[in-house]
Student: 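Dropping a structure here in structure tokens format, bear with me for questions.
Note that the coordinates shown come from a computational prediction; the quantities given were computed from them, not determined experimentally. Lettering of chains follows the sequences in order, A, B, ..., and the numbering in each one begins at 1.
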There are 2 protein chains.
Amino acid sequence: MEAHSQGYPYDMILNNIARFVDLADEEKDLFVSFWKKGSAKRKEYVLEPGGITKYEYFVTKGCLKVYSLDPSGGEHVNMFAIEDYWTGDLASFTLQQPSTYFIKALEDSEFLTITKDNFERMLREIPKLERFYRILYRNSLVNYIKRTNEGISLTAEERYEIFLSTYPQIANRITQKDLAAYLGITPEFLSMIRSKITKRS
Amino acid sequence: MEAHSQGYPYDMILNNIARFVDLADEEKDLFVSFWKKGSAKRKEYVLEPGGITKYEYFVTKGCLKVYSLDPSGGEHVNMFAIEDYWTGDLASFTLQQPSTYFIKALEDSEFLTITKDNFERMLREIPKLERFYRILYRNSLVNYIKRTNEGISLTAEERYEIFLSTYPQIANRITQKDLAAYLGITPEFLSMIRSKITKRS
DNA sequence: CACCTTTCTTAAACTAGTTTATTTTTTAGG
DNA sequence: CCTAAAAAATAAACTAGTTTAAGAAAGGTG
């Protein structure tokens, strides 16, 4: 138990924040007050498209799948959010436009949520957090740029191997079907890739 | 001439900043002191991969092409940066890793540059800018997410039409070849798409 | 304004990844 | 521990986009 501990799940989010900025104890209390606990059972939806996203999420337990459906019903997975990950539909949350994403729990999950009003109030009352979110968004941007480039310039097989080495802790928690939807290919083609790799080694 | 004008190109970058935060006159002077003018003639390289990116860029005139080459030499355009656009290789600049991008002037161009040291000093001395860059990165992230999703779930033809309607002011300044490299297809296939659309209408 | 280079088009053969369908394996949960 | 349902594997026919090549149109520089 560290000094001024808030206990699970608040210590988890505070430790995440502490990577980039130091909050004073009273700022920590204030910070925590803006976030609410939430949870979802396996297979339950955390978010469905159509309406405007109410919350941004910080996952403290479990695994969420963030995805959209294309016009012909195909699933495209944007990210898998496990413990200590920030997620949500940033476009819908930011621009207050209808969401295009589904968020579904792949395991029994717990998370913290914040509304847009509270998010803005929080940044006004704790200006230090502007720096935190500046760095968080910048890092996300760097990752997105990398992923976009991979999608454009690498084969499905290369993208598969990069995923395995980048996210080993996620790879063994999800199905082939969901992984295929993340890689942008069909489960059948992923299956071909896997059997090809197995034969090779 | 507005109050406390710094003249071209500094008014341009200050107006861009003013979209999200208000700087006091002395903050404007300080801000401007961190940026240096740069320029490149048509076809000249602003950045070549291999080394660590020294600068981030704010374009004030002309048009820059930001791109990378895949293992077999194919060009992949990340963005076209015209007047009032921020650009650079954020991954290399941020993580101080070797750059993987080329930046080439498509027209005679002018821009402002900042080093990483100055960028960090600037944020320490003008904390209000944390908010500006938080919003800038968040907006970039929203755009990247949208573009990634388009690349995954739309056909080349759909992506072409979205590009035309989203960036009409860029579309008529670049070649088909560069546009194809942005869309992730060959110039030959873009040519096919165009003739198909022409016949249809 | 004329040449030379670069860009754009057209078309045919080709390939990475999809679609559809059937069978086998794994998994959750009563 | 069993069983229904979901996931994974295999295979053949198919499609979006590539590759190669060769000719037509633009465009910048002497």
Student: Which nucleotide in the list D:dG17, C:dC8, C:dT18 gets nearest to the side chain of A:Phe189?
Tutor: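 Of the candidates, C:dT18 comes closest.
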Student: For B:Leu190 and D:dA16, give me the distance from atom CG to atom C1', rounded to whole Å.
Tutor: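 Checked: the CG to C1' distance equals 15 Å.
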Student: On the six-membered ring of B:Tyr182, is B:Arg147 placed so that its NZ or CZ lies under 6.0 angstrom from the centre and within 45° of the ring axis?
Tutor: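 Yes, B:Arg147 sits over the ring of B:Tyr182.
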Student: Checking all strands, does B:Gly184 fall into the base, sugar-phosphate, or nothing category for heavy-atom contacts under 4.0 angstrom?
Tutor: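 Touches sugar-phosphate only.
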Student: Could you tell me how far apart B:Ile174 (CD1) and C:dT7 (P) are, to the nearest whole angstrom?
Tutor: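 From B:Ile174 CD1 to C:dT7 P: 13 Å.
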Student: Of B:Thr155 and A:Arg194, whose closest DNA chain D nucleotide lies nearer the 5' terminus?
Tutor: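 Whichever sits nearer the 5' end wins; that is A:Arg194.
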Student: Tell me which of B:Lys43 and B:Ile185 sits closer to the 5' end of DNA chain D, going by the nucleotide each one is nearest to.
Tutor: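 Its nearest nucleotide lies further toward 5', so the answer is B:Ile185.
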Student: Within the structure, does a side-chain N or O atom of A:Ser195 lie under 4.0 Å from either OP1 or OP2 of D:dT10?
Tutor: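 Affirmative; the distance criterion is met.
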Student: Stepwise, does the salt bridge (charged side-chain N to carboxylate O under 4.0 Å, His left out) test hold for B:Lys104 with B:Glu44?
Tutor: CA-CA 6 Å; B:Lys104 191 178 182 177; B:Glu44 212 173 285; over 6 Å; no
Student: Figure out the CZ/P separation between B:Arg173 and D:dG27, and round it to whole Å.
Tutor: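 Between P of D:dG27 and CZ of B:Arg173: 16 Å.
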Student: Looking at the rings of A:Phe111 and A:Phe58, which for Trp means the six-membered one, are their centres under 6.0 Å apart?
Tutor: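 No, ring centres 6.0 Å or more apart.
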Student: Given atom NZ of A:Lys41 and atom P of C:dA28, what is their separation to the nearest angstrom?
Tutor: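 So the NZ-P distance, A:Lys41 to C:dA28, works out to 15 Å.
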Student: Just checking B:Phe31 against B:Tyr10, ring centres under 6.0 Å apart?
Tutor: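 Centroid separation for B:Phe31 and B:Tyr10: 6.0 Å or greater.
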Student: Separation of B:Glu188 atom CD from D:dA16 atom C1', in whole Å?
Tutor: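 After rounding, the reported distance stands at 15 Å.
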Student: Determine the contact category for B:Ser191: base if any of its heavy atoms lies under 4.0 Å from a base atom, sugar-phosphate if only primed atoms, P, OP1 or OP2 are that close, otherwise nothing.
Tutor: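 The answer is base, as B:Ser191 lies within the cut-off (heavy atoms under 4.0 Å) of a base atom.
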Student: Nearest whole angstrom, please: distance from the C1' of C:dA16 to the CD1 of A:Ile193.
Tutor: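 In whole Å, C:dA16 C1' and A:Ile193 CD1 are 10 Å from each other.
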Student: So, is A:Thr186 close to the C:dT19 phosphate, meaning a side-chain N or O under 4.0 Å from OP1 or OP2?
Tutor: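 Result: no.
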Student: Figure out the NZ/P separation between B:Lys177 and C:dT9, and round it to whole Å.
Tutor: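 Interatomic distance, NZ of B:Lys177 to P of C:dT9: 14 Å.
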Student: Starting from C1' on D:dA12, measure out to CE on A:Met192 and report it in whole angstrom.
Tutor: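 Value for this atom pair: 11 Å.
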Student: Between A:Lys36 and A:Glu110, is the closest basic N to carboxylate O distance under 4.0 Å?
Tutor: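 Salt bridge flag = no for A:Lys36 with A:Glu110.
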